[in-house]
Amino acid sequence: MPSATRELTGAALPGLPEIVITAETGVGAALGQAMSDLTESWRLRRLVWTLALFDIRLRYRGSLLGPFWLTLSTAVMIGAIGLLYARLFHQNISAYLPFLTISLMLWTFISTIATEGATCLTQADHMIRSMRMPHSLHAARVVARNLLVLAHNLVVILVVFALYRVAPGPAAWSVAPAFLLWLADGFMLSLMLGVVGARFRDIPPIVTSVMQIAFYVTPIMWNPSMLAGGEMGILRLNPFDALIEIMRGPLLGQGLNGHAWAMALFYSALLAAGSFYVFARTRRRIPYWV
Amino acid sequence: MARLTISDVSITFPLYHAESRSLKKTVFAAASGRLGQDSRHRLVVEALRGVSFSLKSGDRLGLIGPNGAGKTTLLRAMAGIYEPTGGRIAIEGALTALLDPGQGMNPDLTGNENIRLRGLFGGASAAEIRRLQEDVAEFSGLGQFLDLPVRTYSSGMVVRLGFALATAVRPQILLMDEWLLAGDANFLGRARERLETVVRGAEILVLSSHNAEIMMQWCNRLVWLEGGMVKADGPPDEVLEAYLPPDQFAQVSAITPIEV
(Lines give C-alpha, C1' and ligand atoms only; values in the text may rest on other atoms or scores of the structure.)
Protein backbone atom coordinates (compact mmCIF):
# COMPACT_ATOMS: atom_id res chain seq x y z
CA MET A 1 0.00 0.00 0.00
CA PRO A 2 1.54 3.34 -1.00
CA SER A 3 2.09 5.66 1.94
CA ALA A 4 0.08 8.50 0.48
CA THR A 5 -3.19 6.60 0.61
CA ARG A 6 -2.79 5.06 4.04
CA GLU A 7 -4.57 6.49 7.01
CA LEU A 8 -2.78 9.58 8.25
CA THR A 9 -2.02 9.87 11.93
CA GLY A 10 -4.38 12.79 12.02
CA ALA A 11 -5.93 12.19 15.41
CA ALA A 12 -2.57 12.83 17.06
CA LEU A 13 -3.10 16.54 17.31
CA PRO A 14 -6.33 17.70 18.88
CA GLY A 15 -8.39 20.46 17.32
CA LEU A 16 -8.16 23.99 18.61
CA PRO A 17 -11.12 25.89 19.96
CA GLU A 18 -12.32 28.92 18.07
CA ILE A 19 -9.78 31.72 18.13
CA VAL A 20 -10.87 35.28 17.58
CA ILE A 21 -8.18 37.86 17.05
CA THR A 22 -9.22 41.48 17.02
CA ALA A 23 -7.32 44.71 16.82
CA GLU A 24 -9.00 45.78 20.06
CA THR A 25 -6.45 47.66 22.15
CA GLY A 26 -8.30 48.17 25.44
CA VAL A 27 -6.35 47.55 28.64
CA GLY A 28 -8.78 44.88 29.85
CA ALA A 29 -8.50 42.91 26.62
CA ALA A 30 -4.70 43.18 26.64
CA LEU A 31 -4.45 41.91 30.22
CA GLY A 32 -6.83 39.04 29.47
CA GLN A 33 -4.83 38.00 26.41
CA ALA A 34 -1.56 38.20 28.33
CA MET A 35 -3.07 36.00 31.02
CA SER A 36 -4.20 33.38 28.51
CA ASP A 37 -0.71 33.50 26.98
CA LEU A 38 0.68 32.48 30.38
CA THR A 39 -1.84 29.68 30.92
CA GLU A 40 -1.17 28.43 27.39
CA SER A 41 2.55 28.20 28.24
CA TRP A 42 1.68 26.25 31.36
CA ARG A 43 -0.37 23.85 29.26
CA LEU A 44 2.68 23.35 27.00
CA ARG A 45 5.05 22.75 29.95
CA ARG A 46 6.21 19.40 28.53
CA LEU A 47 7.34 21.23 25.39
CA VAL A 48 9.13 23.87 27.50
CA TRP A 49 10.93 21.19 29.45
CA THR A 50 11.97 19.29 26.32
CA LEU A 51 13.22 22.48 24.65
CA ALA A 52 15.35 23.21 27.74
CA LEU A 53 16.65 19.65 27.82
CA PHE A 54 17.61 19.82 24.13
CA ASP A 55 19.33 23.18 24.74
CA ILE A 56 21.59 21.62 27.38
CA ARG A 57 22.13 18.50 25.33
CA LEU A 58 23.09 20.57 22.27
CA ARG A 59 25.57 22.61 24.24
CA TYR A 60 27.48 19.48 25.24
CA ARG A 61 26.78 17.24 22.28
CA GLY A 62 29.87 15.25 21.41
CA SER A 63 31.74 16.14 24.58
CA LEU A 64 33.14 13.46 26.84
CA LEU A 65 31.56 14.43 30.16
CA GLY A 66 28.48 15.98 28.63
CA PRO A 67 26.55 18.26 30.99
CA PHE A 68 28.78 17.14 33.85
CA TRP A 69 31.26 19.68 32.57
CA LEU A 70 28.96 22.10 34.37
CA THR A 71 29.54 20.29 37.66
CA LEU A 72 33.25 20.01 37.12
CA SER A 73 33.84 23.61 36.12
CA THR A 74 31.76 24.88 39.04
CA ALA A 75 33.71 22.69 41.45
CA VAL A 76 37.06 23.90 40.13
CA MET A 77 35.97 27.54 40.20
CA ILE A 78 34.64 27.34 43.74
CA GLY A 79 37.74 25.51 44.93
CA ALA A 80 40.09 28.08 43.40
CA ILE A 81 38.16 31.20 44.40
CA GLY A 82 37.36 29.78 47.83
CA LEU A 83 40.95 29.00 48.76
CA LEU A 84 42.30 32.32 47.49
CA TYR A 85 39.62 34.63 48.89
CA ALA A 86 39.46 32.92 52.27
CA ARG A 87 43.10 34.00 52.68
CA LEU A 88 42.62 37.43 51.14
CA PHE A 89 39.68 38.20 53.43
CA HIS A 90 41.23 36.38 56.42
CA GLN A 91 38.25 34.07 56.63
CA ASN A 92 37.85 30.69 58.20
CA ILE A 93 37.61 28.39 55.19
CA SER A 94 35.08 26.06 56.80
CA ALA A 95 32.63 28.95 57.11
CA TYR A 96 33.60 30.80 53.95
CA LEU A 97 33.46 27.98 51.43
CA PRO A 98 29.83 26.91 52.10
CA PHE A 99 28.81 30.59 52.03
CA LEU A 100 30.58 31.17 48.73
CA THR A 101 29.24 27.97 47.15
CA ILE A 102 25.59 28.77 47.79
CA SER A 103 25.92 32.45 46.92
CA LEU A 104 27.79 31.87 43.69
CA MET A 105 25.42 29.18 42.48
CA LEU A 106 22.33 31.24 43.14
CA TRP A 107 23.99 34.22 41.49
CA THR A 108 24.93 32.24 38.39
CA PHE A 109 21.32 31.04 38.18
CA ILE A 110 19.69 34.47 38.32
CA SER A 111 22.29 36.40 36.32
CA THR A 112 22.27 33.84 33.49
CA ILE A 113 18.48 34.04 33.42
CA ALA A 114 18.74 37.83 33.11
CA THR A 115 21.31 37.81 30.30
CA GLU A 116 19.74 34.92 28.38
CA GLY A 117 16.27 36.31 29.04
CA ALA A 118 17.14 39.54 27.25
CA THR A 119 17.53 37.57 24.00
CA CYS A 120 14.90 34.87 24.62
CA LEU A 121 12.46 36.27 22.06
CA THR A 122 14.91 37.48 19.41
CA GLN A 123 16.59 34.07 19.37
CA ALA A 124 13.26 32.29 18.94
CA ASP A 125 12.33 34.43 15.91
CA HIS A 126 12.03 31.36 13.69
CA MET A 127 9.50 29.68 15.93
CA ILE A 128 7.59 32.90 16.55
CA ARG A 129 7.16 33.61 12.84
CA SER A 130 6.23 30.11 11.74
CA MET A 131 3.31 29.30 14.05
CA ARG A 132 1.06 30.79 16.66
CA MET A 133 2.38 29.93 20.09
CA PRO A 134 2.41 31.66 23.46
CA HIS A 135 5.30 34.13 23.70
CA SER A 136 5.83 33.58 27.42
CA LEU A 137 6.89 30.03 26.56
CA HIS A 138 10.29 31.36 25.50
CA ALA A 139 10.82 33.03 28.87
CA ALA A 140 9.84 29.82 30.67
CA ARG A 141 12.34 27.93 28.52
CA VAL A 142 15.19 30.12 29.86
CA VAL A 143 14.17 29.37 33.44
CA ALA A 144 13.83 25.63 32.78
CA ARG A 145 17.24 25.54 31.10
CA ASN A 146 18.94 27.23 34.04
CA LEU A 147 17.09 25.01 36.47
CA LEU A 148 18.77 22.06 34.75
CA VAL A 149 22.15 23.75 35.08
CA LEU A 150 21.49 24.36 38.78
CA ALA A 151 20.53 20.71 39.25
CA HIS A 152 23.93 19.67 37.88
CA ASN A 153 25.65 22.01 40.32
CA LEU A 154 23.73 20.63 43.28
CA VAL A 155 26.36 17.92 43.61
CA VAL A 156 28.98 20.55 44.43
CA ILE A 157 26.81 22.01 47.21
CA LEU A 158 26.27 18.55 48.71
CA VAL A 159 30.00 17.77 48.66
CA VAL A 160 30.95 21.10 50.26
CA PHE A 161 28.27 20.69 52.93
CA ALA A 162 29.42 17.15 53.73
CA LEU A 163 33.08 18.21 53.78
CA TYR A 164 32.57 21.05 56.28
CA ARG A 165 29.71 19.38 58.15
CA VAL A 166 27.26 22.22 57.58
CA ALA A 167 23.86 21.48 59.05
CA PRO A 168 20.85 23.45 57.81
CA GLY A 169 19.06 25.21 60.65
CA PRO A 170 15.49 24.80 61.96
CA ALA A 171 14.24 27.20 59.29
CA ALA A 172 15.41 24.94 56.44
CA TRP A 173 11.80 24.32 55.39
CA SER A 174 11.59 27.95 54.24
CA VAL A 175 14.00 27.19 51.41
CA ALA A 176 11.11 25.55 49.52
CA PRO A 177 8.84 28.64 49.35
CA ALA A 178 11.92 30.79 48.80
CA PHE A 179 12.88 28.74 45.77
CA LEU A 180 9.36 28.96 44.36
CA LEU A 181 9.70 32.72 44.64
CA TRP A 182 13.01 32.46 42.80
CA LEU A 183 11.40 30.55 39.94
CA ALA A 184 8.58 33.07 39.65
CA ASP A 185 11.04 35.96 39.72
CA GLY A 186 13.27 34.29 37.16
CA PHE A 187 10.31 33.86 34.80
CA MET A 188 9.07 37.41 35.22
CA LEU A 189 12.57 38.85 34.82
CA SER A 190 13.19 36.83 31.67
CA LEU A 191 9.78 37.78 30.22
CA MET A 192 10.25 41.50 30.82
CA LEU A 193 13.83 41.64 29.57
CA GLY A 194 12.89 39.46 26.59
CA VAL A 195 10.20 41.89 25.44
CA VAL A 196 12.31 44.99 26.02
CA GLY A 197 15.31 43.30 24.40
CA ALA A 198 13.25 42.48 21.30
CA ARG A 199 12.23 46.10 20.88
CA PHE A 200 15.55 47.74 21.79
CA ARG A 201 18.54 45.79 20.58
CA ASP A 202 21.00 47.40 22.96
CA ILE A 203 19.24 46.05 26.04
CA PRO A 204 21.14 42.70 26.10
CA PRO A 205 24.62 44.28 26.49
CA ILE A 206 23.21 46.73 29.06
CA VAL A 207 21.81 43.82 31.07
CA THR A 208 25.18 42.07 30.97
CA SER A 209 27.03 45.07 32.38
CA VAL A 210 24.37 45.84 35.00
CA MET A 211 24.57 42.25 36.23
CA GLN A 212 28.35 42.54 36.39
CA ILE A 213 28.14 45.60 38.64
CA ALA A 214 25.44 43.95 40.74
CA PHE A 215 27.75 40.99 41.28
CA TYR A 216 30.31 43.17 43.05
CA VAL A 217 27.90 45.13 45.24
CA THR A 218 25.97 42.03 46.35
CA PRO A 219 27.35 39.90 49.19
CA ILE A 220 28.44 36.90 47.11
CA MET A 221 32.22 36.84 47.27
CA TRP A 222 32.21 38.88 50.45
CA ASN A 223 30.24 38.53 53.62
CA PRO A 224 28.48 41.56 55.20
CA SER A 225 30.33 40.79 58.45
CA MET A 226 33.60 41.69 56.71
CA LEU A 227 32.48 45.32 56.40
CA ALA A 228 33.78 47.69 59.04
CA GLY A 229 31.19 47.55 61.80
CA GLY A 230 29.17 45.07 59.75
CA GLU A 231 27.05 47.94 58.42
CA MET A 232 25.61 47.44 54.94
CA GLY A 233 23.96 50.86 54.85
CA ILE A 234 22.42 51.57 51.46
CA LEU A 235 23.56 48.18 50.13
CA ARG A 236 20.75 46.66 52.21
CA LEU A 237 18.32 47.93 49.58
CA ASN A 238 19.84 45.63 46.97
CA PRO A 239 17.07 43.26 45.81
CA PHE A 240 19.57 40.51 44.97
CA ASP A 241 20.87 40.60 48.53
CA ALA A 242 17.41 39.98 49.98
CA LEU A 243 16.65 37.20 47.50
CA ILE A 244 19.93 35.40 48.10
CA GLU A 245 19.61 35.81 51.85
CA ILE A 246 16.23 34.05 52.12
CA MET A 247 17.82 30.99 50.49
CA ARG A 248 21.29 31.11 51.99
CA GLY A 249 20.47 31.96 55.63
CA PRO A 250 18.34 28.89 56.42
CA LEU A 251 20.73 26.58 54.54
CA LEU A 252 23.69 27.79 56.64
CA GLY A 253 21.80 27.16 59.86
CA GLN A 254 20.44 30.63 60.56
CA GLY A 255 16.85 31.39 61.49
CA LEU A 256 14.15 33.03 59.40
CA ASN A 257 15.16 36.54 58.32
CA GLY A 258 11.98 38.61 58.42
CA HIS A 259 13.59 41.72 56.98
CA ALA A 260 15.04 39.86 53.99
CA TRP A 261 11.73 38.10 53.34
CA ALA A 262 9.78 41.35 53.45
CA MET A 263 12.16 42.95 50.99
CA ALA A 264 12.24 39.91 48.71
CA LEU A 265 8.43 39.80 48.58
CA PHE A 266 8.22 43.53 47.99
CA TYR A 267 10.68 43.49 45.09
CA SER A 268 9.07 40.37 43.62
CA ALA A 269 5.63 41.97 43.65
CA LEU A 270 7.11 45.02 41.95
CA LEU A 271 8.82 42.88 39.32
CA ALA A 272 5.72 40.77 38.68
CA ALA A 273 3.49 43.80 38.24
CA GLY A 274 5.98 45.59 36.01
CA SER A 275 6.75 42.56 33.91
CA PHE A 276 3.10 41.59 33.40
CA TYR A 277 2.18 45.16 32.47
CA VAL A 278 5.00 45.45 29.93
CA PHE A 279 4.13 42.05 28.46
CA ALA A 280 0.41 42.80 28.23
CA ARG A 281 1.09 46.12 26.53
CA THR A 282 3.49 44.74 23.92
CA ARG A 283 2.43 41.09 23.43
CA ARG A 284 0.68 41.57 20.08
CA ARG A 285 3.61 43.50 18.60
CA ILE A 286 6.25 40.86 19.39
CA PRO A 287 6.03 38.97 16.04
CA TYR A 288 6.60 42.27 14.23
CA TRP A 289 9.69 43.06 16.29
CA VAL A 290 11.71 39.85 16.22
CA MET B 1 -17.63 22.63 10.45
CA ALA B 2 -14.60 24.84 9.89
CA ARG B 3 -14.86 28.53 9.24
CA LEU B 4 -12.37 31.30 8.69
CA THR B 5 -13.59 34.87 8.70
CA ILE B 6 -11.47 37.89 7.88
CA SER B 7 -13.25 41.18 8.45
CA ASP B 8 -11.73 44.48 7.40
CA VAL B 9 -8.22 43.37 8.37
CA SER B 10 -5.41 45.90 8.17
CA ILE B 11 -1.77 45.38 9.07
CA THR B 12 0.84 48.09 9.25
CA PHE B 13 4.47 47.24 9.81
CA PRO B 14 6.58 49.73 11.66
CA LEU B 15 9.87 50.18 9.83
CA TYR B 16 12.64 50.32 12.37
CA HIS B 17 15.99 51.12 10.94
CA ALA B 18 18.93 49.38 12.46
CA GLU B 19 19.72 52.52 14.42
CA SER B 20 16.30 53.95 15.06
CA ARG B 21 15.23 50.91 17.07
CA SER B 22 18.05 51.42 19.55
CA LEU B 23 17.49 52.82 22.99
CA LYS B 24 20.13 55.50 22.41
CA LYS B 25 18.16 57.09 19.60
CA THR B 26 14.94 57.04 21.60
CA VAL B 27 16.55 58.56 24.67
CA PHE B 28 18.37 61.24 22.68
CA ALA B 29 15.26 62.01 20.68
CA ALA B 30 13.25 62.33 23.88
CA ALA B 31 15.92 64.55 25.41
CA SER B 32 15.90 66.88 22.43
CA GLY B 33 12.09 66.91 22.31
CA ARG B 34 11.80 65.17 18.96
CA LEU B 35 10.08 62.01 20.11
CA GLY B 36 6.56 63.20 19.38
CA GLN B 37 7.45 64.25 15.92
CA ASP B 38 9.30 61.01 15.43
CA SER B 39 6.36 58.81 16.31
CA ARG B 40 3.99 60.82 14.12
CA HIS B 41 6.33 60.57 11.18
CA ARG B 42 7.37 57.01 11.82
CA LEU B 43 7.78 55.13 8.61
CA VAL B 44 5.22 52.33 8.32
CA VAL B 45 4.35 49.92 5.55
CA GLU B 46 0.68 49.23 5.03
CA ALA B 47 0.93 45.55 4.21
CA LEU B 48 -2.81 44.91 4.25
CA ARG B 49 -5.63 47.42 3.91
CA GLY B 50 -9.21 46.50 4.73
CA VAL B 51 -9.13 42.89 3.55
CA SER B 52 -12.40 41.01 4.04
CA PHE B 53 -13.66 37.59 3.03
CA SER B 54 -15.04 34.55 4.73
CA LEU B 55 -14.37 30.89 4.05
CA LYS B 56 -16.47 27.88 4.96
CA SER B 57 -16.01 24.12 4.62
CA GLY B 58 -15.34 23.12 1.04
CA ASP B 59 -13.66 26.36 0.07
CA ARG B 60 -10.25 26.08 -1.55
CA LEU B 61 -8.96 29.61 -1.87
CA GLY B 62 -6.00 30.72 -3.93
CA LEU B 63 -4.18 33.98 -3.23
CA ILE B 64 -2.57 35.56 -6.27
CA GLY B 65 -0.84 38.85 -6.78
CA PRO B 66 2.57 40.29 -7.56
CA ASN B 67 5.50 40.19 -5.14
CA GLY B 68 4.86 42.38 -2.14
CA ALA B 69 1.10 42.31 -2.57
CA GLY B 70 0.70 41.03 0.99
CA LYS B 71 0.05 37.32 0.31
CA THR B 72 2.45 35.98 2.92
CA THR B 73 1.43 38.62 5.44
CA LEU B 74 -2.18 37.62 4.94
CA LEU B 75 -1.31 33.93 5.44
CA ARG B 76 0.55 34.78 8.64
CA ALA B 77 -2.40 36.84 9.85
CA MET B 78 -4.79 33.97 9.10
CA ALA B 79 -2.49 31.63 11.03
CA GLY B 80 -2.79 33.94 14.04
CA ILE B 81 0.88 34.89 14.01
CA TYR B 82 0.56 38.55 13.05
CA GLU B 83 -2.24 40.07 15.05
CA PRO B 84 -3.94 42.70 12.85
CA THR B 85 -3.69 46.39 13.62
CA GLY B 86 -7.27 46.79 12.44
CA GLY B 87 -10.23 44.47 11.93
CA ARG B 88 -10.97 40.98 13.14
CA ILE B 89 -9.97 37.40 12.35
CA ALA B 90 -12.03 34.43 13.55
CA ILE B 91 -10.60 30.92 13.21
CA GLU B 92 -12.88 27.93 13.84
CA GLY B 93 -11.18 24.58 13.44
CA ALA B 94 -7.72 23.01 13.78
CA LEU B 95 -5.33 25.00 11.62
CA THR B 96 -1.96 24.08 10.13
CA ALA B 97 0.18 26.63 8.35
CA LEU B 98 2.94 25.55 5.98
CA LEU B 99 4.67 28.86 5.57
CA ASP B 100 8.28 27.92 5.01
CA PRO B 101 10.18 24.63 4.72
CA GLY B 102 12.06 25.21 7.96
CA GLN B 103 8.75 25.35 9.84
CA GLY B 104 10.45 26.79 12.93
CA MET B 105 12.71 23.75 13.16
CA ASN B 106 15.97 24.04 15.07
CA PRO B 107 18.72 23.22 12.54
CA ASP B 108 21.09 22.00 15.23
CA LEU B 109 18.68 19.33 16.45
CA THR B 110 18.19 16.05 14.63
CA GLY B 111 15.16 15.37 12.47
CA ASN B 112 13.65 13.09 15.10
CA GLU B 113 14.15 15.64 17.85
CA ASN B 114 12.40 18.28 15.76
CA ILE B 115 9.53 15.89 15.14
CA ARG B 116 9.26 15.30 18.88
CA LEU B 117 9.08 19.03 19.57
CA ARG B 118 6.36 19.44 16.99
CA GLY B 119 4.40 16.58 18.54
CA LEU B 120 4.70 18.11 22.00
CA PHE B 121 3.50 21.41 20.63
CA GLY B 122 0.35 19.65 19.47
CA GLY B 123 -0.04 17.99 22.87
CA ALA B 124 0.78 14.48 21.63
CA SER B 125 1.62 11.64 24.03
CA ALA B 126 4.87 9.65 23.86
CA ALA B 127 3.20 6.88 21.83
CA GLU B 128 1.67 9.37 19.42
CA ILE B 129 5.05 11.03 18.96
CA ARG B 130 6.60 7.66 18.07
CA ARG B 131 3.84 7.11 15.52
CA LEU B 132 4.47 10.58 14.14
CA GLN B 133 8.19 9.82 13.81
CA GLU B 134 7.48 6.55 12.01
CA ASP B 135 5.03 8.21 9.68
CA VAL B 136 7.44 11.01 8.81
CA ALA B 137 10.34 8.58 8.35
CA GLU B 138 8.30 6.44 5.99
CA PHE B 139 6.94 9.23 3.90
CA SER B 140 10.01 11.45 3.68
CA GLY B 141 12.30 8.50 2.95
CA LEU B 142 15.00 10.19 5.03
CA GLY B 143 15.76 7.02 7.01
CA GLN B 144 19.01 7.28 8.96
CA PHE B 145 19.24 11.00 8.24
CA LEU B 146 16.57 11.62 10.86
CA ASP B 147 19.24 10.94 13.49
CA LEU B 148 21.49 13.67 12.07
CA PRO B 149 21.18 17.42 12.69
CA VAL B 150 18.85 19.14 10.22
CA ARG B 151 21.76 21.52 9.48
CA THR B 152 23.45 18.70 7.55
CA TYR B 153 20.46 18.17 5.21
CA SER B 154 20.30 19.41 1.65
CA SER B 155 17.58 21.97 0.99
CA GLY B 156 15.51 19.33 -0.79
CA MET B 157 15.71 17.09 2.27
CA VAL B 158 14.55 19.93 4.51
CA VAL B 159 11.53 20.42 2.25
CA ARG B 160 10.77 16.69 2.44
CA LEU B 161 11.01 16.67 6.24
CA GLY B 162 8.95 19.84 6.61
CA PHE B 163 6.33 18.58 4.20
CA ALA B 164 6.07 15.12 5.74
CA LEU B 165 5.84 16.60 9.23
CA ALA B 166 3.24 19.18 8.36
CA THR B 167 1.02 16.81 6.43
CA ALA B 168 1.25 13.98 8.98
CA VAL B 169 -1.49 15.68 10.92
CA ARG B 170 -4.88 16.18 9.39
CA PRO B 171 -5.90 19.82 9.77
CA GLN B 172 -9.36 21.24 9.16
CA ILE B 173 -7.86 24.44 7.83
CA LEU B 174 -4.67 24.25 5.79
CA LEU B 175 -2.65 27.31 4.83
CA MET B 176 0.16 26.80 2.31
CA ASP B 177 2.82 28.94 0.72
CA GLU B 178 4.22 27.89 -2.63
CA TRP B 179 7.51 26.47 -1.27
CA LEU B 180 5.77 23.11 -1.21
CA LEU B 181 6.31 22.80 -4.90
CA ALA B 182 10.09 22.63 -4.60
CA GLY B 183 11.66 19.19 -4.47
CA ASP B 184 12.77 16.50 -6.88
CA ALA B 185 10.34 15.03 -9.39
CA ASN B 186 10.11 11.66 -7.69
CA PHE B 187 9.21 13.26 -4.38
CA LEU B 188 6.91 15.76 -6.02
CA GLY B 189 4.78 12.95 -7.40
CA ARG B 190 4.35 11.39 -3.98
CA ALA B 191 3.91 14.80 -2.37
CA ARG B 192 1.09 15.60 -4.74
CA GLU B 193 -0.71 12.37 -3.87
CA ARG B 194 -0.36 13.02 -0.17
CA LEU B 195 -1.34 16.64 -0.53
CA GLU B 196 -4.47 15.58 -2.33
CA THR B 197 -5.30 13.29 0.59
CA VAL B 198 -4.74 16.10 3.05
CA VAL B 199 -6.70 18.58 0.98
CA ARG B 200 -9.56 16.11 0.73
CA GLY B 201 -9.48 15.84 4.51
CA ALA B 202 -9.07 19.56 5.09
CA GLU B 203 -12.27 21.49 5.01
CA ILE B 204 -10.62 24.75 4.04
CA LEU B 205 -7.49 25.24 1.94
CA VAL B 206 -5.73 28.53 1.40
CA LEU B 207 -2.89 28.45 -1.10
CA SER B 208 -0.62 31.28 -2.08
CA SER B 209 1.22 31.02 -5.38
CA HIS B 210 2.34 32.87 -8.48
CA ASN B 211 1.63 29.84 -10.55
CA ALA B 212 -1.68 30.12 -12.41
CA GLU B 213 -1.58 26.44 -13.39
CA ILE B 214 -1.55 25.35 -9.75
CA MET B 215 -4.37 27.75 -8.97
CA MET B 216 -6.56 26.25 -11.71
CA GLN B 217 -5.84 22.76 -10.45
CA TRP B 218 -6.30 23.22 -6.73
CA CYS B 219 -8.63 26.11 -6.09
CA ASN B 220 -12.32 26.83 -6.53
CA ARG B 221 -12.03 30.47 -5.57
CA LEU B 222 -9.35 33.11 -6.08
CA VAL B 223 -8.54 36.34 -4.30
CA TRP B 224 -6.30 38.74 -6.19
CA LEU B 225 -4.31 40.93 -3.86
CA GLU B 226 -2.57 44.07 -4.96
CA GLY B 227 -0.99 46.72 -2.78
CA GLY B 228 -2.46 45.06 0.28
CA MET B 229 -6.03 45.30 -1.00
CA VAL B 230 -8.42 42.80 -2.57
CA LYS B 231 -8.57 43.63 -6.28
CA ALA B 232 -10.80 40.76 -7.31
CA ASP B 233 -12.54 37.84 -5.63
CA GLY B 234 -14.35 35.09 -7.54
CA PRO B 235 -14.11 31.77 -9.43
CA PRO B 236 -10.59 30.94 -10.73
CA ASP B 237 -11.27 31.35 -14.43
CA GLU B 238 -12.90 34.75 -14.00
CA VAL B 239 -10.17 36.17 -11.77
CA LEU B 240 -7.37 34.69 -13.90
CA GLU B 241 -8.90 36.12 -17.04
CA ALA B 242 -8.52 39.58 -15.57
CA TYR B 243 -5.16 38.86 -13.92
CA LEU B 244 -3.26 37.21 -16.77
CA PRO B 245 -2.38 38.51 -20.23
CA PRO B 246 -4.81 36.93 -22.78
CA ASP B 247 -2.29 34.53 -24.34
CA GLN B 248 -1.26 33.10 -20.96
CA PHE B 249 -4.87 32.78 -19.88
CA ALA B 250 -5.63 30.75 -23.00
CA GLN B 251 -2.98 28.26 -21.91
CA VAL B 252 -4.20 27.78 -18.35
CA SER B 253 -7.91 27.85 -19.07
CA ALA B 254 -7.52 24.40 -20.63
CA ILE B 255 -6.40 22.94 -17.29
CA THR B 256 -9.02 20.97 -15.46
CA PRO B 257 -9.33 21.21 -11.71
CA ILE B 258 -8.32 18.25 -9.54
CA GLU B 259 -11.35 16.31 -8.40
CA VAL B 260 -11.68 16.45 -4.64
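Below, each value reflects all heavy atoms present in this structure, side chains not excepted, and no hydrogens, waters or symmetry copies. Chain letters run A, B, ... following the sequence lines, proteins first and then strands; every chain starts at 1. No experiment lies behind these values; they were computed from the predicted model shown.
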* Asked: Is there any residue in residues 183-196 of chain A with a non-hydrogen atom under 4.5 Å from a non-hydrogen atom of chain B, and which ones are they?
  -> none
* Within residues 132-146 of chain A, which positions have a heavy-atom distance to chain B below 4.5 Å? -> Arg132(A), Met133(A)
* Hey, are the side chains of Arg88(B) and Val20(A) touching, using non-hydrogen atoms and a 4.5 Å cut-off? -> yes
Could you check whether atom [atom1] of [X] has more than 12 heavy atoms from other residues, nucleotides or ligands sitting under 6.0 Å from it?
X         : atom1 : value
Leu64(A)  : CG    : no
Tyr60(A)  : OH    : yes
Tyr277(A) : OH    : no
Phe145(B) : CZ    : no
His152(A) : NE2   : yes
Arg59(A)  : CZ    : yes
Met35(A)  : CE    : no

* Does the pair Arg116(B) and Thr50(A) meet the rule for a side chain to side chain contact (heavy atoms under 4.5 Å, CB included), with working shown? -> CA-CA 9 Å; Arg116(B) 186 159 155 217; Thr50(A) 312; 4.0 Å; yes
* Which atoms of Leu44(A) come close to chain B, meaning under 4.5 Å heavy atom to heavy atom: side chain ones, backbone ones, both, or neither? -> side chain
* For Ile286(A), is it the side chain, the backbone, both, or neither that has a heavy atom closer than 4.5 Å to a heavy atom of chain B? -> neither
* Asked: side chain to side chain contact (heavy atoms under 4.5 Å, CB included) between Arg57(A) and Glu113(B): does it pass, once the steps are laid out?
  -> CA-CA 11 Å; Arg57(A) 207 188 278 174; Glu113(B) 285 169 337; 3.3 Å; yes
Output the distance between atom [atom1] ([X]) and atom [atom2] ([Y]), rounded to the nearest 0.5 Å.
X         : Y         : atom1 : atom2 : result
Phe54(A)  : Thr110(B) : CZ    : OG1   : 7.0 Å
Leu95(B)  : Met131(A) : CG    : CE    : 12.0 Å
Leu109(B) : Arg61(A)  : CG    : CZ    : 6.5 Å
Ile81(B)  : Ile128(A) : CD1   : CD1   : 10.5 Å

* To do: Looking only at non-hydrogen atoms, find the nearest pair between Pro84(B) and Ile21(A) and report the distance.
  => CD-CG2, 3.6 Å
* **Portion of Arg3(B) that has a non-hydrogen atom of chain A nearer than 4.5 angstrom** => neither
* Asked: Heavy-atom distance under 4.5 Å to chain A: side chain of Thr12(B), backbone, both or neither?
  -> backbone
* Leu58(A) and Asn106(B): CA distance, side-chain angles, deciding distance, side chain to side chain contact (heavy atoms under 4.5 Å, CB included) verdict -> CA-CA 11 Å; Leu58(A) 262 187; Asn106(B) 182 342; 3.9 Å; yes
* Ion pair present between Glu83(B) and Arg285(A), side-chain N to carboxylate O less than 4.0 angstrom? -> no
* Asked: Should the ring pair Tyr82(B) and Tyr288(A) be called parallel, tilted or perpendicular, given that the plane angle runs from 0 to 90° and is split at 30 and 60?
  -> parallel
* Structure fact -> With chain A, the option among Ala127(B), Ala97(B), Gly87(B) that has the most non-hydrogen atom pairs under 4.5 Å is Gly87(B)
* Keeping the roles fixed (side chain from Arg76(B), backbone from Arg129(A)), state whether a donor-acceptor pair exists under 3.5 Å. => yes
